[in-house]
A.B. asks: 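Below are the structure tokens for one structure; questions will follow.
Every number for a ligand or one of its atoms is a count from 1 in the order of the listing. These numbers come from the heavy atoms of this one structure, side chains and all, not from hydrogens, waters or symmetry mates.
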Amino acid sequence: MCGIVGYTGKKNAVPILLEGLRRLEYRGYDSAGIAVSTKKGTKIVKLKGKVRNLEDKLLSNPLIGHCGIAHTRWATHGKPSAKNAHPFKYKNFSIVHNGIIENWQSVKDELLKSGYKFTSDTDTEVALLCFYDLYKKTGITGAVTMLHRKLKGKYSFLFIDEKKPDEIIGIKSGNPLVVGENADAVFAASDITALLPFTKRAYFMEDNQFFIANGGSLKFYNFNGKKIEKKSKKIKWNVEEAKKDGYKHYLLKEIMEQPDNLNRAMAGRLNLFADELPGNIVPKGRILCIACGTSYNAALCFKYFFNMLTGKSITVENASEFRYQPFDLTDDSLVIVLSQSGETSDTKEALSIAKKAGANTLAIVNSWESSIARMADNKIYMNIGPEISVASTKAYSAEVMLLYLLSLRIAGEIGVSKEEIQMWKDKLSSVPSSCAHYLSNIDAVKTIAEKYYKKKNFFFIGRGIGYPIAVEGALKLKELSYIHAESYSAGEMKHGPISLIDNDFSTIAVAPDNKQRAVLFSNIEEIKSRMGQILLISDKPLDGCDYLKMPKINGWLSPFIYILPLQLLSYYIANLLGNDIDQPRNLAKSVTVE
Ligand code: AGP
């Protein structure tokens, strides 16, 4: 959720920490702050709002020091404000934190009884005073090793100590923390994107581990205080991939680069993962696919395509519900989890539940060496580079493509003919160029956006494979424009939602060429007869509807093509409304809290 970054080395820490914060800002942008060990002790500058506000403040109040920590916030406890901004300092220690302390109130009450005073509403300050209280009694190692016994929740912390001005302590328990080093410095951050400009190697902290870095030495320990050896890994992503390449926004770049990224995701996978998933992968038992948000919507396409291909059904579950539902998972179940960030708390928890049940687990992830990638028995990387914009687009199409290829793999193992498998492989191989062709002329979408951006309510409807596309389209519009949008399978409209229809309620109908299109068109007529305004996305027009003409393609390939005008429409409408495109309000790229 939040982004934390730390540096100790020979250079001035401030520009390095600010660069790290800029790269982590997609994790939260409610407030930003920095703590630097200067000749006059630890100095803190923090304020409400974006990292650029912090940069401006530091321009007028420059700080210099060789060691520091910094934070960009997604508020959980205490509203976005300078008072609740990190870092916090108490006596000689300063802290930044990513995660949630679930038992913060009871720990706070104990500390209040011991005479401690609080300056903020945050769980983080509770963790800091708890740490100090333990440190006072047991010294540094004792404090670090006992803290996790006091605190419940998922977190990662970075501390600096005024008494040891070039020392950083980093603790991981549930939330991501990576450490990097180069010839004259040690870096720590919530994810590798913050390390990309500074080092090519990273150590991935596991839960219940901490590190102490000072003056070029870097040591790792487990929570019993025992020194442990860790191997660093060469970072596969490069700094160029995280640039805008001349686009006004990361979102537009990531939409327009989907044809290339689909090719990257498919590269070497037309053998249907023969190398990455050797042997038989088809379980005797159930196949479940579990995810959140846009990844969940990609899984819905998997459900429809797999069913068409094999006549069998798989269960698609929303991770935040799944984790509290008893499920008859056994050791002959296959559980597939999807996650762009690889750190989504609900999906991670669902994965650990599946592992405990003995199920065979497969993760389709984008973030390299993320927690979910490291937890799953098998993993398939999307290979599409970092996705920076909070609203997910290129990861969606890559997930659908990899799930379609996985469907072909399983279908082949359960007897679907080689000819049919090959037919679909050929069709999927044509998708990137069909997407590129569609994206070569998108003026019509801009025009439609100008007509619809002031609308207050939208339904997105579809049938068959058109329905999950409508679900993702509605999510994109909500995330980016903040306009109320709901998605329904069109057959559901007359069971209630149609009561909302009037001449001011817009409906976007996703109508690819499938066997349900004719009945979808009659559902559209029902809406038209109640003065509802319709925007039809199809290769076949309908009187009385606004129309975004789509290329004639096989209906089952529509998740890749029909999602493009929906992504772009949300982009252009959000732009016309002056919204922050890459960092929409109240959102974060990786949801690491429950
Ligand atoms: C999508 O645009 C959102 N950022 C959000 O719904 C996201 O898909 C969801 O949080 C799941 O993220 P993940 O794929 O990284 O697990």
A.B. asks: Output yes when a side-chain donor or acceptor of Tyr404 lies under 3.5 Å from a complementary backbone atom of Trp556, and no otherwise.
C.D. replies: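 Side chain of Tyr404 to backbone of Trp556, a donor-acceptor pair under 3.5 Å: yes, one is there.
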
A.B. asks: Do Thr393 and Gln258 meet the criterion of a side-chain donor-acceptor pair at a distance under 3.5 Å?
C.D. replies: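 No, no side-chain donor-acceptor pair sits under 3.5 Å.
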
A.B. asks: With a cut-off of 4.0 Å, which atoms of ligand 1 are near a heavy atom of Ser341?
C.D. replies: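 Every atom of ligand 1 under 4.0 Å from some heavy atom of Ser341: 13 (P), 15 (O), 16 (O).
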
A.B. asks: Under 4.0 Å, heavy-atom basis, I'd like to know which part of Val591 is in contact with ligand 1: side chain, backbone, both or neither.
C.D. replies: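 Side chain only; the backbone of Val591 stays clear of ligand 1.
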
A.B. asks: Starting from atom 3 (C) of ligand 1, locate the nearest protein heavy atom and write down its residue, its atom name and how far away it is, to 0.1 Å.
C.D. replies: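 Going atom by atom, the protein heavy atom closest to atom 3 (C) of ligand 1 ends up being Glu479 OE1, 3.2 Å.
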
A.B. asks: Side chains of Ser320 and Asn318: any donor to acceptor distance under 3.5 Å?
C.D. replies: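 Yes.
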
A.B. asks: Give the residue and atom name of whichever protein heavy atom lies nearest to atom 4 (N) of ligand 1, and the separation in Å to one decimal.
C.D. replies: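 Closest protein heavy atom to atom 4 (N) of ligand 1: Val390 O, 2.8 Å.
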
A.B. asks: Look at atom 16 (O) of ligand 1 and say which protein heavy atom is nearest, naming residue and atom and giving the distance to 0.1 Å.
C.D. replies: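 Here the nearest protein heavy atom works out to Thr344 OG1, 2.5 Å.
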
A.B. asks: Which atoms of ligand 1 are found less than 4.0 Å from any heavy atom of Gln340?
C.D. replies: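 So the atoms of ligand 1 that pass are 13 (P), 14 (O), 15 (O), 16 (O).
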
A.B. asks: For atom 7 (C) of ligand 1, what is the closest protein heavy atom, and at what distance to 0.1 Å?
C.D. replies: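 Result for atom 7 (C) of ligand 1: Thr294 N, 4.0 Å.
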
A.B. asks: So is Lys476 touching ligand 1 or not, going by heavy atoms under 4.0 Å?
C.D. replies: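 Lys476 counts as a contact of ligand 1 under the 4.0 Å cut-off.
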
A.B. asks: side-chain hydrogen bond (donor to acceptor under 3.5 Å, both in side chains), that's the test. Do His484 and Asn457 meet it? Break it down for me.
C.D. replies: CA-CA 5 Å; His484 166 239; Asn457 295 292; 2.8 Å; yes

A.B. asks: Quick check: Tyr250 with Tyr26 (ring centres under 6.0 Å apart)?
C.D. replies: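 No, ring centres 6.0 Å or more apart.
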
A.B. asks: Is Ser295 in polar range of ligand 1, meaning some N or O pair under 3.5 Å apart?
C.D. replies: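 For ligand 1, there is an N or O atom that lies under 3.5 Å from one belonging to Ser295.
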
A.B. asks: Taking only heavy atoms of Ser339 into account, list the atoms of ligand 1 that are under 4.0 Å away from them.
C.D. replies: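 Answer, ordered by atom number: 13 (P), 14 (O), 15 (O), 16 (O).
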
A.B. asks: Would the distance check show the side chain of Trp74 and the main-chain N or O of Asn586 forming a donor-acceptor pair, the cut-off being under 3.5 Å?
C.D. replies: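 It does hold such a pair.
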
A.B. asks: Decide if atom NZ of Lys48 counts as having more than 12 heavy atoms of other residues, nucleotides or ligands within a radius under 6.0 Å.
C.D. replies: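 12 or below, so no.
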
A.B. asks: Just distances here: any N/O of Glu399 and N/O of ligand 1 closer than 3.5 Å?
C.D. replies: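 N/O-N/O distance below 3.5 Å does not exist for this pair.
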
A.B. asks: State the atoms of ligand 1, each with its element, that fall below the 4.0 Å cut-off from a heavy-atom position in Ser392.
C.D. replies: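 By the 4.0 Å cutoff, the relevant atoms are 1 (C), 2 (O).
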
A.B. asks: Decide, yes or no, whether a salt bridge links Glu55 with Arg52 under the criterion of side-chain N to carboxylate O below 4.0 Å.
C.D. replies: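 Between Arg52 and Glu55 there is no salt bridge, as every charged N stays at least 4.0 Å from the carboxylate O atoms.
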
A.B. asks: Suppose I only count heavy atoms of Ala391 and a 4.0 Å limit; which atoms of ligand 1 are within that range?
C.D. replies: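 Near Ala391, the atoms of ligand 1 are 2 (O).
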
A.B. asks: When Tyr571 is tested against each of His249, Lys446, Lys476 for side chain to side chain donor-acceptor pair (under 3.5 Å), which residue passes?
C.D. replies: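 So the option named by the test is His249.
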
A.B. asks: For ligand 1, is Cys292 a contact, meaning one of its heavy atoms is under 4.0 Å away?
C.D. replies: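 Contact check Cys292 vs ligand 1: positive.
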
